[in-house]
There are 2 protein chains.
Amino acid sequence: MGRGRVQLKRIENKINRQVTFSKRRSGLLKKAHEISVLCDADVGLIVFSTKGKLFEYATDSCMERILERYEQYSYAERKLTSPNLESPGSWSLEYAKLKARMEVLQRNQRHYMGEDLDSLRLKELQSLEHQLDTSLKHIRTRKDKALQEQNNLLAKKLKEKEKEPAMNQWEQVQNHELNSPSFGLTQPLSSMNMISDIYQSVGENTSNGGNEATPNQQIPSSNTVMPQWMMPHMDN
Amino acid sequence: MGRGRVQLKRIENKINRQVTFSKRRSGLLKKAHEISVLCDADVGLIVFSTKGKLFEYATDSCMERILERYEQYSYAERKLTSPNLESPGSWSLEYAKLKARMEVLQRNQRHYMGEDLDSLRLKELQSLEHQLDTSLKHIRTRKDKALQEQNNLLAKKLKEKEKEPAMNQWEQVQNHELNSPSFGLTQPLSSMNMISDIYQSVGENTSNGGNEATPNQQIPSSNTVMPQWMMPHMDN
DNA sequence: CCGTCTATATATAAGCG
DNA sequence: TCGCTTATATATAGACG
């Protein structure tokens with residue numbers, strides 16, 4: 001953008017690189033802010049210059065919120081760094097980090113339990129609602145499946161029992177042991193009424209455009225060319 | 001950029017907002033990638049759509065590394081939180097305990113997100129379902145309350161604005177000015193918020209200001225209209 | 001939702017003080 | 001480094017399939 005075209009490769013001239021960095025950085029921050037406002041998106045942007053200086057932008061000036069939210073997605077799966085390092089100083093740092101993440105998780109958990117909601121903003125409440133709604137669907141589906149299996153199993157047992165009513169209990173057990181997974185755990189028929197619950201969740205919003213399969217978009221690294229998925233089109 | 005100028009305010013039309021989001025998002029990711037390559041910078045970009053979907057870009061596809069680095073900046077500031085235990089051996093013990101609790105929490109979190117359900121038994125599923133159902137009720141109640149409050153606030157603001165239509169743009173902004181709760185790292189990002197957006201309209205479209213109210217305010221850095229956060233940085 | 005096209009608005013590479 | 005100007009390269013709003 002400017003007098004000359006530019007190759008997507010590291011700018012060798014140190015001066016130019018610094019100048020370009022400065023200009024593009026502000027452009028990037030500006031655009032981050034714009035999309036945040038225009039599209040009501042939550043944005044977090046972190047930039048380290050070559051020299052290691054930090055620049056950042058975050059919607060509502062609160063990077064913490066963004067990062068917490070981000071970690072929810074990767075369910076804070078970030079590697080629990082093994083502290084097998086000997087450097088004594090690193091222990092307190094590692095401990096502090098872990099503790100901080102712990103607190104984040106605890107807070108999240110309270111939120112998932114519908115507690116401590118006053119600390120959340122509207123957007124976060126909506127997001128939480130949506131998340132739980134989705135979770136609940138998964139859970140009900142899973143429960144449905146579990147119940148169905150058990151249902152079938154019990155029906156089968158009942159059927160066989162009717163065939164040979166003369167058998168005593170011990171014999172029956174022995175006969176069925178091959179088929180029953182984990183004998184002691186089978187639930188009585190009473191739990192079957194739960195099935196109806198599954199069908200109660202009818203009018204819930206499922207607003208996803210069928211594209212929800214990917215939880216996040218992974219960017220492949222590339223030192224020269226723009227990944228194609230990122231390029232709308234490269235004609236003109 | 002395009003057929004018409006655009007005001008820096010939330011796009012009300014849902015369709016347009018979504019389309020713009022999609023376009024700008026790829027633009028933003030592209031630029032993040034470009035500055036990363038051209039200027040040899042480390043970039044981490046996180047974007048949540050209104051609906052809560054996550055998009056991200058990270059130099060070398062490793063957000064983790066970026067966040068790690070970011071946190072070093074943060075935690076360097078508040079390392080004081082750690083327990084003041086002196087015995088060297090106790091550190092590893094404390095760390096292990098914390099880690100164990102952490103893992104429990106992580107597993108719970110996954111369950112709350114409707115993941116990893118295979119490890120749950122029927123009773124646990126039912127319990128989880130019940131818990132989430134209850135949570136959802138609380139959350140929806142809280143959300144409704146928040147919405148109501150916001151409505152009231154906006155109505156009040158609108159009313160006040162109608163009372164004093166004489167003020168010019170800057171005076172209004174300055175009147176609303178508060179100290180931004182600068183997040184306290186290298187860059188004291190002043191915040192920018194919805195309210196200021198109302199006044200940023202260049203004087204064309206006077207569409208309704210269906211906007212949210214956030215306490216912090218944009219700080220005019222000079223006689224330019226450029227927000228402070230994007231002003232050139234004076235560094236070494 | 002995704003891709004295309006076109007007119008315009010913006011971003012920015014270079015050059016200069 | 002810093003600002004400012006200018007010529008161009010890009011990004012993208014709006015419309016359509």
Side-chain angles (χ1 to χ4, degrees), chain A residues 1-39 41 45 47 49-51 53 55 57 206-214 217 225-236, chain B residues 1-39 41 45 47 49-51 53 55 57 200-205 207 221-228 230-236:
Chain A
M1 295 170 152
R3 297 292 174 99
R5 272 178 195 149
V6 76
Q7 304 285 324
L8 191 53
K9 56 171 287 202
R10 181 189 148 111
I11 296 172
E12 292 306 333
N13 181 299
K14 199 175 169 184
I15 305 298
N16 285 343
R17 175 153 29 97
Q18 165 57 32
V19 172
T20 293
F21 177 71
S22 175
K23 288 179 175 179
R24 280 178 176 263
R25 168 167 43 81
S26 61
L28 190 61
L29 292 176
K30 183 179 174 190
K31 282 198 173 291
H33 176 57
E34 286 178 352
I35 197 177
S36 171
V37 172
L38 291 172
C39 308
L45 173 60
V47 181
S49 72
T50 308
K51 290 185 301 186
K53 184 153 196 206
F55 301 86
Y57 167 80
T206 317
S207 60
N208 283 328
N211 170 340
E212 197 66 8
T214 324
Q217 204 166 335
V225 193
M226 196 61 197
Q228 191 170 10
W229 54 263
M230 213 186 266
M231 303 289 274
H233 54 238
M234 0 186 20
D235 45 8
N236 70 342
Chain B
M1 294 171 151
R3 296 292 174 98
R5 261 173 204 153
V6 76
Q7 304 177 44
L8 193 54
K9 63 167 294 216
R10 180 188 147 109
I11 297 171
E12 294 302 335
N13 181 295
K14 198 175 169 183
I15 305 296
N16 285 343
R17 176 152 31 97
Q18 164 59 33
V19 172
T20 293
F21 176 71
S22 175
K23 287 180 176 180
R24 279 178 176 263
R25 169 166 44 80
S26 59
L28 189 60
L29 293 178
K30 184 181 171 190
K31 282 197 174 291
H33 178 60
E34 286 177 351
I35 196 177
S36 171
V37 172
L38 290 172
C39 309
L45 173 61
V47 181
S49 72
T50 306
K51 288 188 304 187
K53 188 166 182 189
F55 301 86
Y57 168 78
Q200 276 189 7
S201 48
V202 197
E204 307 177 31
N205 206 324
S207 64
S221 43
S222 65
N223 32 16
T224 326
V225 203
M226 186 165 289
Q228 188 174 34
M230 65 170 93
M231 292 302 278
H233 216 51
M234 325 218 312
D235 54 37
N236 38 8

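Computed from a prediction, not measured in an experiment: that's the story for all the values here. Residue numbers begin at 1 in each chain, while the letters A, B, ... track the order of the sequences.
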Inset, instruction - Respond yes when some side-chain nitrogen or oxygen of A:Thr20 is under 4.0 Å from OP1 or OP2 of C:dA13, and no when none is. - result: yes
Inset, instruction - Give the rounded distance in Å between these two atoms: CD of B:Gln18 and C1' of D:dG14. - result: 16 Å
Legend entry - Protein-nucleotide distance (A:Ile11, atom CD1; C:dT12, atom P), rounded to Å: 12 Å
Can you tabulate the close N/O pairs, meaning under 3.5 Å, that link protein atoms to atoms of nucleotides 9-11 of chain C?
{"unit_1": "C:dA9", "atom_1": "O4'", "unit_2": "B:Gly2", "atom_2": "N", "d": "3.2"}
{"unit_1": "C:dA9", "atom_1": "O3'", "unit_2": "B:Met1", "atom_2": "N", "d": "3.3"}
{"unit_1": "C:dA11", "atom_1": "OP1", "unit_2": "A:Lys30", "atom_2": "NZ", "d": "3.2"}
{"unit_1": "C:dA11", "atom_1": "OP2", "unit_2": "A:Lys30", "atom_2": "NZ", "d": "2.9"}

Legend entry - Check: B:Leu8 and A:His33 side chains under 4.5 Å, non-hydrogen atoms: yes
Legend entry - Spacing of A:Phe21 atom CZ relative to D:dT1 atom C1', expressed in whole Å: 15 Å
Inset, instruction - Would you kindly give the NZ-to-P distance between A:Lys9 and C:dA13, to the nearest whole Å? - result: 16 Å
Legend entry - Nearest-angstrom distance from the residue atom CZ of B:Arg25 to C1' of D:dA11: 15 Å
Legend entry - 5' precedence on DNA chain C between B:Lys23 and B:Val19 (nearest-nucleotide basis): B:Val19
Legend entry - Lys/Arg-Asp/Glu bridge criterion (N-O < 4.0 Å) met for B:Arg17, B:Glu12: no
Legend entry - Nucleotide D:dT1, atom P - distance to CZ of A:Arg17 in whole Å: 12 Å
Legend entry - Close side-chain approach of A:Lys30 and A:Glu34, heavy atoms under 4.5 Å: yes
Legend entry - Gap between atoms CG and P, on A:Asn16 and C:dT12 respectively (whole Å): 15 Å
